[in-house]
There are 2 protein chains.
Amino acid sequence: MGTSLKPANTDFPATPRPDPIPDPNHADCRGVASVLSRVGDKWSVFVIMMLSDGPKRFNELKRMINGISQRMLTLTLRGLERDGLVTRTIFPTIPPRVDYELTDLGRGLQEPVKALGEWAIKHQQQIAAARTRFDARNET
Amino acid sequence: MGTSLKPANTDFPATPRPDPIPDPNHADCRGVASVLSRVGDKWSVFVIMMLSDGPKRFNELKRMINGISQRMLTLTLRGLERDGLVTRTIFPTIPPRVDYELTDLGRGLQEPVKALGEWAIKHQQQIAAARTRFDARNET
DNA sequence: CTGCATCCCTTTCGATACTG
DNA sequence: CAGTATCGAAAGGGATGCAG
């Protein structure tokens, strides 16, 4: 086969592949890694945050998260749905309407993620400064 | 800066407002995203965890984080150093020795990351179950 | 409106070989 | 021991077109 996209490869953004296995002694590492991957997926985090205050429709989310492509939003939502973090409700109206809403699990995830976000906001200046310093030192 | 974000009350893009329309160009969003990307980088998190209990040498880390390639460890450490999260200390001995150690900033980051890790451990069963259910429903 | 499929470019990452 | 250099494979991700 050439290079066409295999259907099986339509896996979701943050789904780990055959697992790099960080430390065999801690089986938990893989579970942790898969969750961290999802958080590290920029779009997943934004979607979760956007759903904080209730269910949203597909295009509503797309408009709120400026810069996300339709494809990425679809994939992100499928990944979140797969992990049981959001629910997908179809209203068979015309035109069709689909609502996405956080599950209890998803709402629980919000808390540690928010803590991380607050840390990020609080220290982004320090980090930016460190980067500038590092880059300056490494460019002369 | 955006028009109305107050440092004290600074929440994530999704504050519980009826019609938010978050500013995607908001500086905070980009800063947060860049920090989240680093956390999402699986290796970075593991390295930070490995450095919890004091400085470590390059190959020491490599052995502890089973599965990481030399290249990735180098790149990860460079990224962390650049962001001011770890320090790199060279001992000009023969053979050479390089120690990596968390900075205060890095140690601060550990806390929200650990919270996330604990959430992950606590809920990985639920997530795994949700995935299985989703996959089963989507394969028949 | 929602969302899948396709094309195609970019980034990431592992493996390998080589240097101080 | 602690890197750097290079290459090829794979995944990420945008743009577009089509379908339900």
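Throughout, protein chains are lettered first and strands after them, A, B, ... in sequence-line order, and every chain is numbered starting at 1.
The two atoms that bring A:L102 and A:I48 nearest to each other are CD1-O, 3.9 Å, heavy atoms only. Heavy atoms only, all atoms of each residue included: B:P112 and B:G108 are closest at CD-O, 3.2 Å. Looking at every heavy atom in both residues, A:F134 comes nearest to B:R82 through CD2-CG, 3.5 Å.
B:N59 places its CG atom 9 Å from the P atom of D:dG3, with the value rounded to the nearest Å. Regarding A:N66, its CG atom lies at a distance of 12 Å from the P atom of D:dG14, rounded to whole Å. When rounded to the nearest whole Å, the span between CD1 of A:I68 and P of D:dG14 equals 8 Å. Separating the NZ atom of B:K56 from the C1' atom of D:dC1 is a distance of 17 Å, rounded to the nearest angstrom. Rounded to whole Å, atom P of C:dC13 lies 14 Å from atom CZ of B:F46.
Qualifying side chain to side chain contact (heavy atoms under 4.5 Å, CB included) partners for B:I90, counting only residues two or more places apart in sequence or in other chains: B:R88, B:V98. With sequence neighbours excluded, no residue forms a ring-ring contact (aromatic ring centres under 6.0 Å, His included) with A:W43.
When only modelled atom types and interatomic distance are considered, A:Q110 and A:S52 share a side-chain donor-acceptor pair under 3.5 Å.
A salt bridge links B:D83 with B:R38; the closest basic N to acidic carboxylate O contact falls under 4.0 Å. Between A:D135 and A:R133 there is no salt bridge, since no side-chain N of the basic residue sits under 4.0 Å from a carboxylate O of the acidic one.
Taking the screw axis at each terminus of the helix from C:dC1-D:dG20 to C:dG20-D:dC1 from five consecutive base pairs, the angle between the two is 40° to within rounding of 10 degrees.
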*Give the intermediate values and the outcome of side chain to side chain donor-acceptor pair (under 3.5 Å) for residues A:T89 and A:E101.*
CA-CA 8 Å; A:T89 310; A:E101 184 170 16; 5.7 Å; no
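The salt bridge (charged side-chain N to carboxylate O under 4.0 Å, His left out) contacts involving residues 106-116 of chain B comprise B:D104-B:R107, where partners must be two or more places apart or lie in separate chains.
Using a distance-only test at 3.5 Å, with no hydrogens or angles considered, a donor-acceptor pair links the side chain of A:E60 to the main chain of A:R57.
For DNA chain D, the residues of residues 70-82 of chain B within the heavy-atom distance limit of 4.0 Å (strictly under) are B:Q70, B:R71, B:T74, B:R78, sorted by number. For the segment residues 87-100 of chain B, residues with any heavy atom less than 4.0 angstrom from an atom of DNA chain D are, sorted by number, B:R88, B:P95, B:P96, B:V98, B:Y100.
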